[in-house]
Amino acid sequence: MYMKCFFAIFVETNKLQYPNIMKRIFFLFLSLLAFSLLSLSAQQATLQEESMSLNTSTGTIYGKLTLPDGMKSPSVVALLIAGSGPTDMDGNTAVGNMNNNSLKYLAEGLAKNGIPVLRFDKRGVASSASADLQESELRFEHYIADVEGWIELLMADKRFKGVVIVGHSEGALIGLEACRKNTKAKGYVSLAGAGRPAYEIIEAQVAAQMTPEAVQKQVADINASLKEGREVADVPVYLQALFRPSVQPYLISWYRYDPQKLIASLKVPMLVVQGRTDIQVSVQDAELLKQAAPRAELLLI
């Protein structure tokens with residue numbers, strides 16, 4: 001679940017009135033090529049951007065709030081969560097120098113259609129690098145707590161009356177749990193979110209690479225231990241990148257979260273968005289989420 005060809009969601013503020021918040025949302029999806037043809041200078045002329053920061057016990061996390069011109073308060077605000085790896089608030093990653101500004105375009109697209117958006121650099125990434133933890137100390141719950149912190153910060157702002165969580169890739173799972181735990185979250189959107197626990201996806205991806213069956217079994221055996229909360233000391237050299245000792249505590253914490261169980265427990269309006277040609281997350285994942293939460297809207301691109 002790394003970088004994907006992305007798109008933007010456009011939502012009208014006057015249609016974001018819960019309890020029918022998602023039923024009234026309309027979405028317009030454009031390719032990144034189309035975005036490259038837009039005049040960004042003209043777009044930014046109608047937007048305002050504010051810097052925001054979230055203080056945590058391990059450092060400060062920084063974000064940007066994009067506001068529509070002439071926004072009517074109080075308004076519903078979208079909280080955008082980036083995907084896995086060192087992905088910054090704009091959707092770019094230092095790995096392979098892959099810059100596409102997908103999340104930046106998404107935020108601007110929403111704001112152009114009247115919806116304020118907060119996006120942020122995850123702990124340890126870009127402007128939030130100082131909030132990083134040692135790999136052996138990092139847990140999935142740190143990311144969840146960060147999102148909960150942003151929700152509280154936004155709801156303390158009188159300009160906003162509700163938060164809709166919009167998570168991409170791994171951010172969809174982070175947002176799921178944060179939304180489940182926080183009653184101030186009034187809606188949830190999954191963008192290319194997995195419909196299976198992380199260990200199932202890892203095993204499927206290993207198998208898809210035509211890995212020898214013996215190695216696939218080793219991966220499954222290691223995962224079986226991690227699912228039980230037991231670290232594995234004897235990891236083959238060729239699997240160290242995936243199961244090195246310092247990352248195993250994070251994997252154990254990550255494996256606890258089953259997206260189907262989480263989305264089934266949500267009471268808020270939900271939307272599941274998935275690309276038909278995504279090479280990392282499949283349409284099946286989106287369908288699994290839909291099956292788990294029949295009330296959710298499903299949109300395949």
Are any side-chain N or O atoms of [X] and backbone N or O atoms of [Y], one a donor and one an acceptor, separated by less than 3.5 Å?
{"X": "T211", "Y": "V206", "result": "yes"}
{"X": "Q240", "Y": "V235", "result": "yes"}
{"X": "N182", "Y": "K184", "result": "yes"}
{"X": "N113", "Y": "G109", "result": "yes"}
{"X": "N92", "Y": "N101", "result": "yes"}
{"X": "K186", "Y": "T183", "result": "yes"}
{"X": "K181", "Y": "A145", "result": "no"}
{"X": "D278", "Y": "V281", "result": "yes"}
{"X": "K161", "Y": "S73", "result": "no"}
{"X": "D132", "Y": "A129", "result": "no"}

Nearest-0.5 Å distance, [atom1] of residue [X] to [atom2] of residue [Y]:
{"X": "W254", "Y": "Q248", "atom1": "CH2", "atom2": "CD", "answer": "14.0 Å"}
{"X": "H168", "Y": "S102", "atom1": "NE2", "atom2": "OG", "answer": "6.5 Å"}
{"X": "F160", "Y": "L67", "atom1": "CZ", "atom2": "CG", "answer": "5.5 Å"}
{"X": "L300", "Y": "K290", "atom1": "CG", "atom2": "NZ", "answer": "10.5 Å"}
{"X": "N100", "Y": "T93", "atom1": "CG", "atom2": "OG1", "answer": "9.5 Å"}
{"X": "E203", "Y": "N223", "atom1": "CD", "atom2": "CG", "answer": "4.5 Å"}

Search all heavy atoms of [X] against all heavy atoms of [Y] and return the closest pair with its distance.
{"X": "S169", "Y": "G83", "result": "CB-CA, 3.9 Å"}
{"X": "S75", "Y": "K72", "result": "CB-O, 3.5 Å"}
{"X": "G193", "Y": "A172", "result": "CA-CB, 3.6 Å"}
{"X": "V147", "Y": "A178", "result": "CG1-CB, 3.6 Å"}
{"X": "R196", "Y": "S282", "result": "NH2-OG, 4.3 Å"}
{"X": "Q216", "Y": "A207", "result": "OE1-CB, 3.4 Å"}

Hphob cluster co-occupancy, [X] + [Y], side-chain heavy atoms under 4.5 angstrom:
{"X": "L110", "Y": "L191", "value": "yes"}
{"X": "I144", "Y": "V125", "value": "no"}
{"X": "L266", "Y": "I151", "value": "yes"}
{"X": "Y199", "Y": "L288", "value": "no"}
{"X": "L299", "Y": "L106", "value": "yes"}

Using a 4.5 Å cut-off on heavy atoms from C-beta on, say whether the side chain of [Y] contacts that of [X].
{"X": "H142", "Y": "T58", "result": "no"}
{"X": "D90", "Y": "L103", "result": "no"}
{"X": "R180", "Y": "Y257", "result": "no"}
{"X": "S190", "Y": "L176", "result": "no"}
{"X": "L226", "Y": "F243", "result": "yes"}
{"X": "Q48", "Y": "M71", "result": "no"}
{"X": "L54", "Y": "F120", "result": "no"}
{"X": "V163", "Y": "W150", "result": "no"}

Is any side-chain N of the basic residue among E177 and R256 closer than 4.0 Å to the acidic one's carboxylate O? no

In terms of side-chain geometry, is the basic nitrogen of E108 or K104 positioned less than 4.0 Å from the acidic oxygen of its partner? yes

Between V272 and I263, is the side chain to side chain contact (heavy atoms under 4.5 Å, CB included) condition met? List the steps. CA-CA 10 Å; V272 177; I263 199 169; 4.1 Å; yes

For the pair D146 and I174, evaluate side chain to side chain contact (heavy atoms under 4.5 Å, CB included) and give the outcome as yes or no after the intermediate values. CA-CA 10 Å; D146 293 341; I174 295 167; over 6 Å; no

With sequence neighbours excluded, residues passing side-chain contact (heavy atoms from CB on, under 4.5 Å) with T66: L47, E49, A107, A111, R119

If a pair satisfies side-chain hydrogen bond (donor to acceptor under 3.5 Å, both in side chains) and one of its residues is in residues 260-269, list it, with sequence neighbours excluded. none

Parallel, tilted or perpendicular, judged at 30° and 60°: which one describes the rings of F140 and Y143? perpendicular

Between I202 and Y255, is a side chain to side chain contact (heavy atoms under 4.5 Å, CB included) present by the stated rule, with each step listed? CA-CA 11 Å; I202 289 174; Y255 286 1; 3.3 Å; yes

Going by side chain to side chain donor-acceptor pair (under 3.5 Å), S127 matches just one of D88, T60, D121. Which one? D121

Check step by step if side chain to side chain contact (heavy atoms under 4.5 Å, CB included) holds for R123 and L133. CA-CA 8 Å; R123 57 171 59 245; L133 292 168; 4.1 Å; yes

Assess whether side-chain hydrogen bond (donor to acceptor under 3.5 Å, both in side chains) is satisfied between E170 and S84, documenting all intermediate values. CA-CA 5 Å; E170 185 184 57; S84 59; 4.9 Å; no

